[in-house]
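Just follow the structure's listing: the first ligand is 1, and inside any ligand the first atom is 1.
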Amino acid sequence: MTIYKSACILFVIMCIPILLNAQSNKDESFILGCGLGENGGKDSDGRQWNPDNKYVSGGNSVTAKASFQDPSLLSEVPYMTARIFTSETTYKLPIQPDKRYWLRLHFYPSVYNNFNPVDSYFSVTANGVTLLNNFSSYITCQALSQAYIDREYSLSPLNSDVLELKFKPSDKHNGAFAFVNGIQLIQMPDLLFDSPSLVGYPDQTVDAKSMHMQTMFRLNVGGQYIPPVQDSGLSRTWYDDTPYIFGAAVGVTNQAEKNVTIDYQAMPKYIAPADVYSTSRSMGTNKDVNMGFNLTWVFQVDPNSMYLTRLHFCDYHYLQSNEIVFSIFVNNQTAQDQADVIGWTGRQGATTYKDYVVYVHEEAGDDQLWLALHPNPTTKPRFYDAMLNGVEIFKLNDTDLSGPNPQPSDMMMEYEARIRNFEDKNGHSRSFAIGGAAGGAAGFALVAAICIAVHQRKKRTPGSYTNSTSSWLPLYGSHTTGTKSTSGKSTMGSGANLAMAQGLCRYFSLQEMRHATNNFEESNVIGVGGFGKVYKGVIDNGFKVAIKRSNPQSEQGVNEFQTEIEMLSKLRHKHLVSLIGFCEEGEEMCLVYDYMAHGTMREHLYKGNKPIDTLSWKQRLEICIGAARGLHYLHTGAKYTIIHRDVKTTNILLDENFVAKVSDFGLSKTGPDMNQGHVSTVVKGSFGYLDPEYFRRQQLTEKSDVYSFGVVLFEALCSRPALNPSLPKEQVSLADWALMNKRKGTLEDIIDPNLKGKIKPESLNKFADTAEKCLSDSGLDRPSMNDLLWNLEFALNLQENDGTSSSTHNNSAHIDESDFEEVNLNQRNDMAAHYKNLSLGSEHDLSHDSAGNSSAIFSQIGNPKGR
Ligand SMILES: *[C@@H]1O[C@H](CO)[C@@H](O)[C@H](O)[C@H]1NC(C)=O
Ligand SMILES: *[C@@H]1O[C@H](CO)[C@@H](O)[C@H](O)[C@H]1NC(C)=O
Ligand SMILES: *[C@@H]1O[C@H](CO)[C@@H](O)[C@H](O)[C@H]1NC(C)=O
Ligand SMILES: *[C@@H]1O[C@H](CO)[C@@H](O)[C@H](O)[C@H]1NC(C)=O
Ligand SMILES: *[C@@H]1O[C@H](CO)[C@@H](O)[C@H](O)[C@H]1NC(C)=O
Ligand SMILES: *[C@@H]1O[C@H](CO)[C@@H](O)[C@H](O)[C@H]1NC(C)=O
Ligand SMILES: *[C@@H]1O[C@H](CO)[C@@H](O)[C@H](O)[C@H]1NC(C)=O
Ligand SMILES: *[C@@H]1O[C@H](CO)[C@@H](O)[C@H](O)[C@H]1NC(C)=O
Ligand SMILES: *[C@@H]1O[C@H](CO)[C@@H](O)[C@H](O)[C@H]1NC(C)=O
């Protein structure tokens, strides 16, 4: 009985705060869906939005429904209904005079009845504080390439018990009207506890506490989008930081181990959710590379204003102070000379934040706020690195937070027009699944949309080169969600934003391409492929890239270009070459890739027809394993089976650590799903590597890649070209020659002399057996990429372990999870600077080998029964 009773009391006690809370929330927050009917509505997060009509007073206003629902709208409520004001109108909302409030305004510039958002210019004031002036949500959304915009303000105590929120159509534009879709007014706790100092004037503090603020940016650095419902109690939205990173040096992202608890110590939890503190971005593992660059974010802001930059830190990895010490620069001024996170917090996993205030003046080009981190070696820290977990940027002012409308870039307008054109032509709106598109000009428009990542700050004048680098589109207020797009309703709108926010693909102007390659100077050509020439280039002041430029005459080139962007922007794997971005202007098309320091696998095996001794057997095995992983991913890891169709040693590139990466997806085809078990098409690929079955039947399966890979394996073993027409007839084709020797037991005679005596017999046998199986005449007899991988790993194991212990890998369980991390994307900084050579694309290698003897090759190919 007593237990029952006390449980009852406990229950009541526990309920009191909940009831109180609910009560106080009811009094103090207003979540208004403007134009909603009397029952209001729920948004996609399940939050209730109430009708606004009770609070409107004076003026002329009507409610209306949007004529079109953009598929990128995450929720119908509150965006699909609006209140439209044709004269000055005020909302009156009760508040407490001494409390700070969030005020959030939501705008979706669609056509409402006869109201076209193009004509909407208006101002909004809150008890005399100007929030917006001459505001065009249409222009703002267009410039940011998003369907709607949310504005968030934090109003300091207004000394009044009513908030008067005034909407006033501009009198400078004929027929101007004002509108709003949603209003949130929520009492908030203090976020500012100390007076932050002014960057550059360390002894000057700013009384930010008494100021009104507008949230400009709020980013979960190195982490994911956090929707309002997952915030730590203040219904804030946190975005991914990738779009704001300057240049290609994106550093690496990290995540706290599961066993580390995020410890707020004395800090209130509402400062930022644990998700923000448990992910971070740092520079990378290479000390020399880190010393050579700044990890930099660039934000577009309104000039002539003061900004509070709040940086969130939590070091969940290291244990002691002086392990990582770095400098923080805000707008190129030192904000913090020696930041040492553990030094500040005293322990692993503890959170902290730092506030810096900076004034952005109106000078040429000064509409940006730069945040940069750089290791500071002064105190001899253990690692030369820097890190950041989260960032918020607020604009501060007492009276006026408004700014000018942004200017959409020419390029953005062009793309908008292109997309619209595409939609009109195809008679449907932006509701494509990303996965489904294939080829054709329309396909390109779609891809372009996926990749729109443009913010052209400087006006481009035709024919002139600028030194400016295109920064990422400032996406503040966009709606990229990792969670929503997996719900199966992936649309182009959100897909585009997702791709952008993840930094999957970047758009370059032709000028940038010209500038990178010294106007496509011949001396920068590092390869020639079917698609056109490949140039080496430098972007972002020193980051090396490989640029494939299309040959405008080649129709095939256009299709390959589309295929490659489409495939690569969706595929991320440690053993696939990453696409950084593309350029498409008029006739010109370029693809921009990571620069691979060590060039092709082939150039480390032989030169001309002579073996060269640069790679040990172990290295060769590791390269083969890496390439096999890349191909395995293509065959099984992506949504569709992807058949590479042109596997060869010139399409396997090596980075500075000799990590193999498969490149050149120009011929790739998505496989079996399309065509009952095979893809029939014109035979493509490279002589010497062509699957005879494919050649005979014109049916492509992933086993064709396995065949070609078998040739690669023998190339690695024998260090000779797949085809060498200068040899006696039976030796011309490596595949035939190697198989013949393997069967006769004389393989040892033809292996690279540099390897003789250095390969353990067990390893050689395993390897050669595997390669032989790959070259089986029938695809069914060839191993899958998975079996192949296992066998190669086994061969490596046999080489390394004296053949005594056997592989610990299981035949199904050796897909290295780490391959799927964003390694490619995030270690680009490691690739800055120290590169020598690279080659991509390689048709010309073949013509080089076979000069004058193509007839021999053709007869070889035409008669695949040779073995
Ligand atoms: C967490 O686990 C990792 C290995 O998974 C270990 O190295 C580390 O010491 C652990 N940290 C704590 C705080 O237990
Ligand atoms: C506040 O805004 C006004 C008008 O834009 C501007 O002149 C003033 O410099 C701003 N004050 C601060 C502290 O940023
Ligand atoms: C900071 O310096 C970079 C070059 O180092 C320059 O491009 C940028 O405009 C500067 N930013 C500001 C706000 O001064
Ligand atoms: C990093 O930024 C600071 C401040 O703008 C600048 O002085 C420094 O030269 C930069 N360092 C590098 C390596 O770019
Ligand atoms: C209002 O904004 C538009 C678009 O940015 C601009 O063209 C116009 O000059 C502005 N009008 C005023 C009065 O500032
Ligand atoms: C680009 O910058 C370099 C050095 O920063 C300068 O020498 C060159 O003239 C600039 N080019 C243009 C077109 O501005
Ligand atoms: C490896 O595979 C064998 C059978 O194939 C299985 O019994 C064993 O549990 C597997 N081991 C691991 C670590 O998965
Ligand atoms: C890179 O190319 C240059 C000339 O093009 C050559 O001298 C050099 O040896 C090459 N380096 C490597 C690592 O292949
Ligand atoms: C082409 O092959 C023939 C034998 O098939 C040989 O006599 C001739 O020298 C070769 N030509 C070249 C350019 O290698």
Side-chain angles (χ1 to χ4, degrees), residues 109 117-123 125 128-144 153 156 168-174 176 178 196 198-200 204-214 216 246-249 251 283-284 287-298 301-308 326-337 339 356-362 366-377 384-386 393-409 469 540-543 829 832-833:
V118 174
D119 299 324
S120 167
Y121 286 89
F122 58 97
S123 64
T125 59
V129 179
T130 305
L131 306 179
L132 294 166
N133 191 18
N134 187 38
F135 174 64
S136 165
S137 60
Y138 176 79
I139 293 175
T140 308
C141 283
Q142 193 184 33
L144 300 180
Y153 303 92
S156 73
K168 182 168 182 257
S170 166
D171 45 21
K172 303 273 188 331
H173 298 265
N174 259 347
L198 197 56
V199 172
Q204 229 174 304
T205 59
V206 178
D207 181 23
K209 255 191 270 194
S210 66
M211 287 182 155
H212 306 295
M213 311 201 290
Q214 181 194 337
M216 304 293 288
F246 175 73
M283 300 184 83
K287 168 178 158 172
D288 299 327
V289 171
N290 293 355
M291 285 309 286
F293 82 105
N294 282 347
L295 188 53
T296 307
W297 293 261
V298 179
V301 295
D302 307 324
N304 276 333
S305 195
M306 195 132 76
Y307 293 91
L308 172 77
F326 54 96
S327 301
I328 302 171
F329 304 103
V330 178
N331 266 3
N332 297 345
Q333 290 179 297
T334 307
Q336 187 89 44
D337 190 32
Y356 306 101
V357 174
V358 67
Y359 193 88
V360 176
H361 294 273
E362 172 133 54
D366 259 5
D367 50 356
Q368 297 183 332
L369 195 151
W370 285 53
L371 171 66
L373 308 180
H374 189 74
N376 186 339
Y384 290 179
D385 203 347
I393 295 177
F394 303 99
K395 184 179 189 179
L396 304 175
N397 207 307
D398 297 334
T399 54
D400 185 355
L401 286 165
S402 70
N405 293 314
Q407 262 203 327
S409 72
T469 47
D540 301 342
N541 300 324
F543 183 71
N829 60 308

(request) Output yes when the distance from some N or O of ligand 4 to some N or O of H374 is under 3.5 Å, and no in every other case. (result) no
(message) Quiz question: by atom type and distance under 3.5 Å, do the side chains of S305 and D302 form a donor-acceptor pair?
(response) no
(request) Within a distance under 4.0 Å of any heavy atom of M306, pick out the atoms of ligand 2 and give their elements. (result) 13 (C), 14 (O)
(message) Quick check for you: to the nearest 0.5 Å, what is the distance between Q214 atom CD and D400 atom CG?
(response) 10.5 Å
(message) A side-chain contact here means heavy atoms from C-beta on lying under 4.5 Å apart; do L373 and W297 qualify?
(response) yes
(request) Enumerate the atoms of ligand 2 whose separation from the nearest heavy atom of L396 is less than 4.0 angstrom. (result) 14 (O)
(message) Are the side chains of F543 and F293 in contact, using a 4.5 Å heavy-atom criterion?
(response) no
(request) Check whether any side-chain heavy atom of L369 lies under 4.5 Å from a side-chain heavy atom of N331, and answer yes or no. (result) yes
Anything under 3.5 Å between an N or O on ligand 5 and a protein N or O? List each pair with its distance, or write none.
unit_1   : atom_1 : unit_2 : atom_2 : d
ligand 5 : 2 (O)  : N134   : ND2    : 2.4
ligand 5 : 2 (O)  : N405   : ND2    : 3.2
ligand 5 : 5 (O)  : N405   : ND2    : 3.3
ligand 5 : 11 (N) : N134   : ND2    : 2.8
ligand 5 : 14 (O) : N134   : ND2    : 3.1

(request) Output the distance between atom CG (N397) and atom OH (Y307), rounded to the nearest 0.5 Å. (result) 9.5 Å
(request) Mark up the atoms of ligand 2 that fall under 4.0 Å of a heavy atom belonging to D400, in ascending order. (result) 2 (O), 4 (C), 5 (O)
(request) Determine, using heavy atoms of L401 and all atoms of ligand 2, whether some pair is separated by less than 4.0 Å. (result) no
(request) Could you pull out all residues at least two apart from Y356 that satisfy ring-ring contact (aromatic ring centres under 6.0 Å, His included)? (result) none
(request) Find all atoms of ligand 2 within a distance of less than 4.0 Å from any non-hydrogen atom belonging to Y359, and give their numbers and elements. (result) 9 (O), 14 (O)
(request) Could you tell me which atoms of ligand 4, counted from 1 in the order shown, lie closer than 4.0 angstrom to a heavy atom of G292? (result) 13 (C)
(message) Applying side chain to side chain contact (heavy atoms under 4.5 Å, CB included) to T399 and V129, what does each step give before you reach the verdict?
(response) CA-CA 5 Å; T399 54; V129 179; 5.7 Å; no
(message) Within the 4.5 Å heavy-atom criterion, are V206 and Y359 side-chain neighbours or not?
(response) no
(message) Assess the residue pair Y153 and H212 against the criterion (side chain to side chain contact (heavy atoms under 4.5 Å, CB included)); give the C-alpha distance rounded to whole Å, side-chain angles, the decisive distance to 0.1 Å, and a yes or no.
(response) CA-CA 7 Å; Y153 303 92; H212 306 295; over 6 Å; no
(request) Using a strict 4.0 Å cut-off to heavy atoms of N397, name the atoms of ligand 2 that fall inside it. (result) 1 (C), 2 (O), 3 (C), 8 (C), 10 (C), 11 (N), 12 (C), 14 (O)
